[in-house]
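Quick notes on the structure that follows.
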Amino acid sequence: MPRLNVVDPASATGPAKEAFDGPLKGKHLNIFKAMANSPAGLHFYLGTAQALGKAQLNDKEREVVQLAIANANNCEYCAAAHTAIGKGAGLSEDQTVAARRGKLDDPKLNALAKFALALHEKRGFVSDADLKTFRDAGFNDGHVIEVIATYTQATFTNFVNHVNQTTVDFPKPPAI
């Protein structure tokens, strides 16, 4: 059961209503109903989502990061959400499970998951070897920054869900 107020999109006002009627139209998910308690928090999420939509990392690659970090942070909501979103972005169900494990068969996606998990485990203090492995897989310094940005967004949503105990409104992902 959620621990934060659930903002009903039908009765939302101000910036929350603008978000539910605009970029969140048709996406009245439980996580957004919690975020809507803070216009700043909701705009932070929407701003990062909009910015990352213009990233060099494609949707599939960003979903690999989201899935790896959801698992690393034990976020059931994000694991379920990004399994569904990842499949929509072109990941197979097996790849969504592998991304949550941080071990993909695709060498480039595997390097991406490993780099995201290194960021997480080392709190950003990645080694020269971590960077070299990531770059050797075909990524550049712009991708490094975008993985950090995606990681930041993932951590924000994971922590919102942990604090709120958000009710999952996506299908349960496969076990890992």
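Side chains included, hydrogens not; waters and symmetry mates left out as well; all remaining heavy atoms used. Positions are given from 1 along the sequence.
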NZ/K17: more than 12 non-hydrogen atoms of other groups inside 6.0 Å: no
Main-chain N/O of L57 paired with R62 side-chain donor or acceptor, under 3.5 Å: yes
Exercise: identify the closest heavy-atom pair between H143 and G138: CE1-O, 4.4 Å
Geometric cation-pi criterion K108 and F139, 6.0 Å radius, 45° cone: yes
Taking every non-hydrogen atom, the tightest pair across Q95 and G90: OE1-O, 4.0 Å
Aromatic ring pairing F115/F134, orientation class (parallel under 30°, perpendicular over 60°, tilted between): parallel
Candidate pair E63 and Q66, rule side-chain contact (heavy atoms from CB on, under 4.5 Å), full reasoning: CA-CA 5 Å; E63 290 307 314; Q66 289 280 357; 4.1 Å; yes
Beyond-backbone contact of C75 with T157, side-chain heavy atoms, under 4.5 angstrom: no
Test log, rule side-chain contact (heavy atoms from CB on, under 4.5 Å), inputs N71 and I176: CA-CA 10 Å; N71 190 66; I176 60 169; 3.1 Å; yes
Set of residues satisfying side chain to side chain donor-acceptor pair (under 3.5 Å) with respect to D94, sequence neighbours excluded: none
side-chain contact (heavy atoms from CB on, under 4.5 Å) between L67 and T83, intermediate numbers included: CA-CA 7 Å; L67 286 160; T83 294; 3.7 Å; yes
Trace of the side chain to side chain donor-acceptor pair (under 3.5 Å) decision for N158 with T155: CA-CA 5 Å; N158 295 169; T155 302; 5.1 Å; no
Sidechain-backbone polar pair: D169 side chain, N30 backbone, donor-acceptor under 3.5 Å: yes
Residues that K103 engages under side chain to side chain donor-acceptor pair (under 3.5 Å), provided they are two or more places apart: none
is_close_aromatic(F20, F32), centroid dist under 6.0 Å: no
Heavy-atom pair of closest approach, residues G102 and K114: O-NZ, 2.8 Å
